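Working notes, beginning with the structure itself.
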Amino acid sequence: MEHILGKLNLAQREAVVHTKGPCMIIAGAGSGKTRVLTYRIAYLMEKEGVDPFNILSLTFTNKAAREMKHRVGVVVGNSESQNLWMGTFHSVFARILRAEASKIGYPSNFTIYDSEDAKKLIGNIVKEKGLDKDIYKTKTLAGRISSLKNNLITPKMYERFPELREQDEQSQTPKFKEVYQTYCERCFKSGAMDFDDLLLKTNELLATYPTVLAKYQDRFRYIMVDEYQDTNHSQYIIVKALASRFENICVVGDDAQSIYAFRGANIRNILNFQKDYPDAKTFKLEQNYRSTKNIVSAANSLIANNKNQLEKDVWTENDSGEKIIVHKSLNENQEAFYVAERIIDFKNNQDANFGQSAVLYRTNAQTRALEEALRKKGIPYRIYGGLSFYQRKEIKDLLAYLRLAINQKDEEAFRRVINYPARGIGATTIDKIVHLANERDQSIWEIAENIQFFGNTFNRGADIKIANFVRKIENYANMVKSGLPADEIAEEIAKNSGLMPELAKDKTPEGVSRYENLQELMASIKDFVENQKNAEEGDPSLENFLSEIALITDSDTQTDEDEPAVSLMTIHQAKGLEFPFVYIVGMEENLFPNIMTLTSRADLEEERRLFYVALTRAEKQVYLTYCQTRYRWGKLNANEPSRFLDEIEDKYLQFEVPEFSPFDQGNPRLFGAPNSLDKPPLPKKKSMAAKNNEEQQGTGGAYAVNRKNLRPLTKSEPEGTKDTVTLKPNERVIHEKFGRGLVISVEGTGPNAKATIRFEKAGEKTLLMKFARVRKLG
DNA sequence: ATTTTACAAATTTTT
DNA sequence: TTTGTAAAAT
């Protein structure tokens, strides 16, 4: 243990050994926060003999939890670290809620609705109530419901805040409360909780049952909360309740990195910690181990523009490093090519592998140009975010069947699959069931189960079809009850439901990909079952599988075992990560800071913190790029450079501003260059580069994913490094996955050609040559 | 009951 | 530009 403490600086060491009573660790970017948290837990266990069962450590991603558990394991040994309560707020409290579910009237196998389920349900309710969907927008309603729940305002309590009703009347949605209330009732009837419920219901549980509260207070004698600046009110109250007995609470965060206020995170939680716990000790980790002096200073000079922050002084002993390059491009394609060229330069001249570069952007829409440029240059890349594996339709379809097998009342799962694959049960029939359910205050399933009593309500034959569907689901439920492992049940359901055969029919490349995704899911269930069977107290049941994956997201499943690739992600997703070379693209007004957020000073400050997060991801070199013009929603826009560029002190920057045209004359910095609208009209024709790129477009990497063990990340095919194979009928080929095959026919030419190939093992497939990993044989 | 066509919307999202 | 949803047509 001593040798570990020796690896820490003074502030870090103090934070580690201060174990009794409340404390707050303000951890500047790159200041070794994770190290402190890890060692603190290890110190508690090793030095103070605290039982890991008594330590609760809350993180914001499963990945962070897993990593920390691993790192603690390295210090204290795995068998002990396994017993720590470590995870996200949602996963830890979902676990507790399952154990205590009966107390609040839920089944312990309750479903967790994801945002899509929630939005669909809201949309249905709006429709049922005959409200105008253009005014009652599901997205807006979902956001409002979420924000109310995160502030612990239930439909009942809504009445107590007249300003809420006023707001709803202002926004032309006076019936909001009814929608909210119905939404909650329907979730309850379905035995379902949405993400926010996991926190809200935990609060209800702890507030209603003092014995339950006491039990968990006693269990969690030491509580640690990471990323405290991004906790919302609901989380804050849970932590406060649990910690109130022993007050051994340690929160870690950096107010300068709070970037989730738009999702209900309350920065005051961290700003007011000292008020909540007057005895709290504050530690500041101010030495940055990550970045060069230049980057640290630049980031400091930027964040100094924010009014509302805790005082701290981040510094580093690292080299001063290179200045930040600010580069202007004509348009987003040139910007992307510039980035691609720099990445190649670094690889060639600094021996940096591709994994050391990251391209960060404000919005996902910016990926397209970047992808094209990287692909053209043959640079391997990985896109984080976008449509996650578990959000794909085919995956959600099978999961819906699995969910129904466990909880038949799950309305969203029911609606999703009752007519998929098609069983001739249409919208009218479903509407009638829903109507009956609402009328009789029952769940949809209860109506469907007893459909024979309502026979005359339905069209001839419809009741029979429903009864057949019900019988199917009951069979699945019986398989669950008989205790079969998850993989066997899933396999049977995939076939028996008709889902697998349905997908197998589709021979388009997209269809094939969907089928493969389904196979991937099946494989992952098998993996899960294997792991559970090998584990000491493993549970290979379907219930356990579903509860495990309900809270998993893409960023949790990232791995780095593959060949090094450039990372492409939004700045939000980059939080907590670090890279030697960071490119922040789209540094333009309206894009970053984003115009949609700029309604208040607080919003601008959050955008600035976002930029701060982006800058501080970098270890060695930062590039900031912006464009003179950019296509956005099909229109060419001319934006000024981001105000944030002005906010970094000039001495940390080096401007690289090529002259494109007479427009920029006479302004050496080209800042604030009048972007007057009376410029000569831009040529309608796209540049050659843009034209060439168009041929390369398509679904891109999206379907070219080689997904081993549930790796939902999009991975590029470096097209520049691989010539598209031109095939002729009767040629023999070998495919990475399908093995040997014989070309039957070819349609089209070049990368857009489609070849039908009969594989020895996998049968006949039609492949798009652009994506297919085939080689000619002989 | 399914497929086609037309039209609107479009930031960030650890759960 | 793309993407998704709703009305219209089969």
Side-chain angles (χ1 to χ4, degrees), chain A residues 58-65 87-94 112-115 118-120 123 127 133-134 137-139 142-143 146 149-150 193-199 226-227 229-232 234-235 257 259-265 332 360-369 384-388 390-391 393 419-420 422-430 459 462 465 550-556 558 569-577 586 590-599 603 606-607 609-611 613-614 630-637 686 690 694 697 699:
Chain A
L58 296 167
T59 60
F60 269 76
T61 60
N62 295 300
K63 193 182 146 223
T88 60
F89 273 90
H90 292 81
S91 64
V92 166
F93 295 115
I112 296 174
Y113 275 177
D114 67 12
S115 335
K119 274 184 215 146
K120 279 191 172 165
K127 208 179 201 174
K133 62 171 172 43
D134 293 327
K137 292 186 179 148
T138 51
K139 219 178 142 185
S146 171
K149 283 188 176 177
N150 285 328
M193 295 197 199
D194 63 21
F195 289 141
D196 306 312
D197 280 334
L198 296 174
L199 307 173
D226 194 7
E227 307 283 12
Q229 76 281 357
D230 283 328
T231 50
N232 61 37
S234 190
Q235 292 165 325
Q257 293 185 63
I259 54 174
Y260 282 100
F262 73 96
R263 276 186 82 203
E332 71 269 29
L360 309 182
Y361 35 81
R362 179 64 236 264
T363 69
N364 281 126
Q366 288 165 257
T367 53
R368 233 189 55 215
Y384 294 75
L387 189 62
S388 95
Y390 290 105
Q391 288 172 329
K393 185 183 176 304
N419 198 32
Y420 185 77
R423 298 189 176 86
I425 305 173
T428 329
T429 309
I430 295 170
N459 290 337
K465 289 173 190 159
L551 298 168
I552 276 187
T553 53
D554 266 10
S555 38
D556 297 324
Q558 82 184 43
M569 61 182 88
T570 63
I571 302 168
H572 283 90
Q573 286 164 329
K575 187 171 164 192
L577 305 177
N590 300 330
L591 185 59
F592 192 24
N594 196 278
I595 190 161
M596 304 304 284
T597 64
L598 292 186
T599 50
D603 291 335
E606 175 146 320
E607 290 283 295
R609 289 193 295 269
L610 194 56
F611 186 34
V613 168
R630 174 184 297 275
Y631 271 99
R632 224 181 162 193
W633 302 327
K635 276 207 198 90
L636 197 59
N637 291 92
K686 290 187 186 167
E694 270 162 18
Q697 275 182 27
T699 37

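Only a predicted model underlies this, so the values are computations on that prediction, with no experimental measurement involved. Protein chains get the first letters and strands the later ones, always in sequence-line order, with residue 1 at the start of each.
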Identify, with sequence neighbours excluded, every residue that meets salt bridge (charged side-chain N to carboxylate O under 4.0 Å, His left out) alongside K139(A). none

Dot-bracket, DNA chain B: Watson-Crick or G-U, under 3.5 angstrom, [ ] crossing, | other strand? ||||||||||.....

Contact class for K133(A) (heavy atom, under 4.0 Å): base, sugar-phosphate, or nothing? sugar-phosphate

Would you mind reading off the distance between D114(A) atom CG and dT14(B) atom P, rounded to a whole angstrom? 12 Å

For K465(A), check salt bridge (charged side-chain N to carboxylate O under 4.0 Å, His left out) against everything at least two apart and list the hits. none

Mind checking what makes salt bridge (charged side-chain N to carboxylate O under 4.0 Å, His left out) contact with E332(A), not counting sequence neighbours? none

Salt bridge (charged side-chain N to carboxylate O under 4.0 Å, His left out) involving R362(A) - partner list, sequence neighbours excluded: E607(A)

Heavy atoms under 4.0 Å, any strand shown: does G424(A) hit a base, just sugar-phosphate, or nothing? sugar-phosphate

Using the test ring pair (Phe, Tyr, Trp, His ring centres under 6.0 Å), find all partners of F60(A) that sit at least two apart in sequence or belong to another chain. F89(A)

In chain order, what residues pass the ring pair (Phe, Tyr, Trp, His ring centres under 6.0 Å) check against Y260(A), with sequence neighbours excluded? F262(A), H572(A)

To the nearest angstrom, the CD-C1' distance between E227(A) and dT14(B) comes to 8 Å

Restricting both atoms to N or O, compile the protein contacts to nucleotides 6-13 of chain B shorter than 3.5 Å, with distance only.
| residue | atom | partner | partner atom | Å |
| --- | --- | --- | --- | --- |
| dT11(B) | O2 | N594(A) | OD1 | 3.2 |
| dT12(B) | OP1 | N364(A) | OD1 | 3.4 |
| dT12(B) | O4' | R362(A) | NH2 | 3.0 |
| dT12(B) | N1 | R362(A) | NH2 | 3.4 |
| dT12(B) | O2 | R362(A) | NH2 | 2.7 |
| dT13(B) | OP1 | T570(A) | OG1 | 2.6 |
| dT13(B) | OP2 | N364(A) | OD1 | 3.3 |
| dT13(B) | O2 | R263(A) | NE | 3.0 |

State whether the side chain of Y631(A) and the backbone N or O of N637(A) hold a donor-acceptor pair below 3.5 Å, judged by distance alone. no

Which nucleotide wins on minimum distance to the side chain of N419(A), given the candidates dT2(B), dT1(C), dA6(C)? dT2(B)

S115(A): partners by side-chain contact (heavy atoms from CB on, under 4.5 Å), with sequence neighbours left out: F195(A)

Could you give the OH-to-P distance, from Y631(A) to dT1(C), as a whole number of Å? 9 Å

